[in-house]
Amino acid sequence: MPYEYVKALLGGMLIGLSAIILLLADGKIAGISGMIGGLLRTRIQLNGWRLAFLGGLVAGGMLVRWVGGAAFSPLSGRSIGAIIAAGLLVGFGTQVGSGCTSGHGVCGIGRFSFRSLVATITFIAAGAVSVYVVHHVLGGTV
């Protein structure tokens, strides 16, 4: 069990380090929803840094899986419809909140943004309510 905390701590430190490097190197905020939205809205010539960052995320997950980690593990017990619905709700929430947990939680709070603090608290509360509803109201069968 303690090893799980070490992995989470190491992962959080690597996410923070990547956000710092992107901010210092190019002045960009490492919000994943903003990067994906930018890929969909801007010309392909302007998306090199976004593709490199997102490619690094996928490559890092594949590397962890290759060395024996649990990255990209299957979501056992969840239907594909529930996964798609959850993804759409997250996308809607990031549009309403002008960013996602990585943008607000890692970069925004790191810059002492009150708006990001409120957004992150809202994300955590919504996640807790969602888990409660799925497991205790719907019986965990979604």
Side-chain angles (χ1 to χ4, degrees), residues 1-138 140 142:
M1 186 65 128
Y3 181 65
E4 295 297 320
Y5 295 113
V6 172
K7 288 188 335 187
L9 179 63
L10 181 60
M13 290 171 61
L14 290 173
I15 290 171
L17 180 63
S18 68
I20 290 170
I21 290 171
L22 183 63
L23 183 62
L24 292 177
D26 209 13
K28 305 254 191 290
I29 301 296
I32 303 304
S33 63
M35 284 187 202
I36 292 174
L39 282 173
L40 300 174
R41 287 189 297 264
T42 59
R43 293 179 299 167
I44 193 71
Q45 294 88 353
L46 303 175
N47 288 325
W49 71 274
R50 290 182 179 102
L51 290 170
F53 194 92
L54 294 172
L57 287 176
V58 173
M62 293 172 74
L63 178 65
V64 167
R65 179 140 183 132
W66 183 65
V67 297
F72 303 122
S73 59
L75 300 171
S76 62
R78 299 289 178 242
S79 69
I80 190 70
I83 293 171
I84 290 172
L88 290 173
L89 286 172
V90 168
F92 178 73
T94 60
Q95 288 298 308
V96 171
S98 299
C100 60
T101 50
S102 59
H104 283 297
V106 175
C107 301
I109 291 178
R111 293 182 299 130
F112 304 110
S113 166
F114 181 73
R115 182 179 80 126
S116 291
L117 177 64
V118 171
T120 302
I121 290 171
T122 303
F123 295 152
I124 292 170
V129 169
S130 297
V131 168
Y132 179 81
V133 168
V134 167
H135 286 280
H136 299 289
V137 176
L138 302 175
V142 177

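None of these values were measured; they are calculated from a predicted model. Residue indices begin at 1 and follow the sequence shown.
Atom CG of Asn47 sits about 11.5 Å away from atom CD1 of Ile36, to the nearest 0.5 Å. Between the CE atom of Met35 and the CG atom of Leu51 there is a distance of 10.5 Å, given to the nearest 0.5 Å.
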Contacts table for residues 55-63: side-chain donor-acceptor under 3.5 angstrom, sequence neighbours left out:
none

Can you give me every donor-acceptor pair (side chain of residues 116-132, partner residue at least two apart or in another chain, under 3.5 Å) with its distance?
| from | atom 1 | to | atom 2 | distance (Å) |
| --- | --- | --- | --- | --- |
| Ser116 | OG | His104 | ND1 | 2.8 |
| Ser116 | OG | Ser113 | OG | 3.3 |
| Thr120 | OG1 | Gly105 | N | 3.4 |
| Thr120 | OG1 | Ser116 | O | 2.8 |
| Thr122 | OG1 | Val118 | O | 2.8 |
| Ser130 | OG | Ala126 | O | 2.8 |

Please tabulate, one pair per line, all N/O donor-acceptor pairs under 3.5 Å involving side-chain atoms of residues 14-27, not counting sequence neighbours.
| from | atom 1 | to | atom 2 | distance (Å) |
| --- | --- | --- | --- | --- |
| Ser18 | OG | Leu14 | O | 3.4 |
| Ser18 | OG | Ile15 | O | 2.8 |

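Among Leu88, Val96, Val90, Thr94, the one residue that satisfies the side-chain contact (heavy atoms from CB on, under 4.5 Å) test with Phe92 is Val96.
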